[in-house]
Amino acid sequence: MSELAFNRAILERTVQTLSFIVISLLLLLLAQSVSLVRSESKPQQVVYAQEDKIIKLDTKNYEVDETILKNFTKWIAKEYLSFSPTSLPHQIDGIKEYLTAIPQKSILTAYQKNKSIIEDGTYFNFVINAVDIKKDDNPFDVELSGVMTIIDRKGNYKDENKVFSFGILQVKPTDLNPYGLKVLSITDRSVKGEKEAGK
């Protein structure tokens with residue numbers, strides 16, 4: 001074999017080896033890109049603390065299961081229905097991404113209506129006794145029953161049995177709303193005429 005033919009064989013072998021390496025790297029980069037796109041489009045995991053325990057909610061493929069729906073509704077109810085004069089603005093601001101215009105307007109209307117007693121130092125505390133999913137497809141209907149305690153600044157209090165119905169719409173999760181859930185309405189079903197709930 002001549003030296004020229006020998007050099008040509010080595011060159012062809014080197015080109016084949018380099019081609020294999022380049023193709024392997026391209027396939028690896030493509031696999032990483034697909035993996036990154038898939039992980040970015042997954043809903044985020046939601047973690048929040050509630051009464052000395054941490055609840056970890058993991059949404060899969062934008063599906064909402066019973067646990068997520070119940071815990072989401074309980075969390076919104078805690079922020080929307082239990083408050084003190086100083087905590088109210090921060091609580092509502094913290095959940096506004098999960099409220100549609102109707103419950104946001106209802107809370108403002110109820111606040112204006114009860115402004116004097118709220119600013120006078122009245123506390124509202126809603127203790128949930130039961131959570132029941134009345135409609136299990138989108139939009140969902142979740143009913144909470146419990147006791148609303150109203151305490152004035154003198155320490156006088158009044159307990160009322162309450163039932164609230166939450167209309168909840170499933171939407172695409174976002175960075176601001178990782179649950180992918182929005183509250184359409186909060187209705188007080190424990191009073192005659194079923195009125196939109198506020199404070």
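Because only heavy atoms are used, hydrogens play no part in the values below, and waters and symmetry mates are left out as well, while side chains stay in.
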Handout entry: Minimum heavy-atom distance Ala77-Ile128, with the two atoms named
Key = CB-CD1, 4.2 Å
Exercise for the section: Check the hydrophobic clustering (I, L, V, M, F, W, Y; side-chain heavy atoms under 4.5 Å; chains of links allowed) and say if Leu81 and Tyr123 are grouped together. Expected result: no
Exercise for the section: Answer yes or no: is there a donor N or O on one side and an acceptor on the other, between the side chain of Gln91 and the main chain of Ser82, under 3.5 Å? Expected result: yes
Exercise for the section: Taking all non-hydrogen atoms of both residues into account, name the closest pair between Lys162 and Ser190 and its distance. Expected result: CD-OG, 3.2 Å
Exercise for the section: Supply the atom-to-atom distance Leu18 CG to Arg13 CZ, rounded to the nearest 0.5 angstrom. Expected result: 12.5 Å
Completion exercise
Of all heavy-atom pairs linking Tyr98 and Leu176, the shortest is OH-O, 3.8 Å
Fill in the blank from the handout: Minimal heavy-atom distance between Leu99 and Gln104, with the atoms involved, is O-NE2, 3.0 Å
Problem - Rounded distance (nearest 0.5 Å) linking atom OG1 of Thr17 with atom CD of Glu12 - result: 11.5 Å
Exercise for the section: Tell me, please, which residues at least two apart from Phe140 pass ring-ring contact (aromatic ring centres under 6.0 Å, His included). Expected result: none
Problem - Pairwise distance CG(Leu181) to CZ(Phe166) - rounded to 0.5 angstrom - result: 12.5 Å
Practice task
Taking Thr122 for its side chain and Asp152 for its backbone only, find out whether a donor-acceptor pair lies under 3.5 Å.
Solution key: no
Exercise for the section: Evaluate side chain to side chain donor-acceptor pair (under 3.5 Å) for Ser165 paired with Asp141, printing each intermediate quantity in order. Expected result: CA-CA 7 Å; Ser165 177; Asp141 184 14; 2.6 Å; yes
Exercise for the section: Following the transitive rule for hydrophobic clusters with a side-chain heavy-atom cut-off under 4.5 Å over Ile, Leu, Val, Met, Phe, Trp and Tyr, establish whether Phe83 and Ile151 coincide in one cluster. Expected result: no
Exercise for the section: Please name the pair of heavy atoms, one in Pro173 and one in Pro178, separated by the smallest distance, quoted to 0.1 Å. Expected result: CB-O, 3.5 Å
Fill in the blank from the handout: Looking only at heavy atoms, the pair that brings Glu143 and Lys134 closest together is OE1-CE, 3.4 Å
Handout entry: Gap separating the NZ atom of Lys70 from the CG atom of Leu144, nearest 0.5 angstrom
Key = 10.0 Å
Handout entry: Between NZ on residue Lys182 and CG on residue Asn177, distance to nearest 0.5 Å
Key = 6.0 Å
Exercise for the section: Indicate the ring-plane relationship of Phe126 and Phe164, choosing parallel, tilted or perpendicular according to the 30° and 60° boundaries. Expected result: perpendicular
Problem - Contact check, side chains of Leu184 and Ile102, non-hydrogen atoms, under 4.5 Å - result: no
Handout entry: Step-by-step side-chain contact (heavy atoms from CB on, under 4.5 Å) determination, Val142 to Leu69
Key = CA-CA 8 Å; Val142 183; Leu69 191 57; 3.8 Å; yes
Completion exercise
Rounded to the nearest 0.5 Å, the OG1 atom of Thr73 sits from the NZ atom of Lys78 at a distance of 14.5 Å
Exercise for the section: Count the heavy atoms belonging to other residues, nucleotides or ligands that lie under 6.0 Å from NZ of Lys96, then report whether that count exceeds 12. Expected result: no
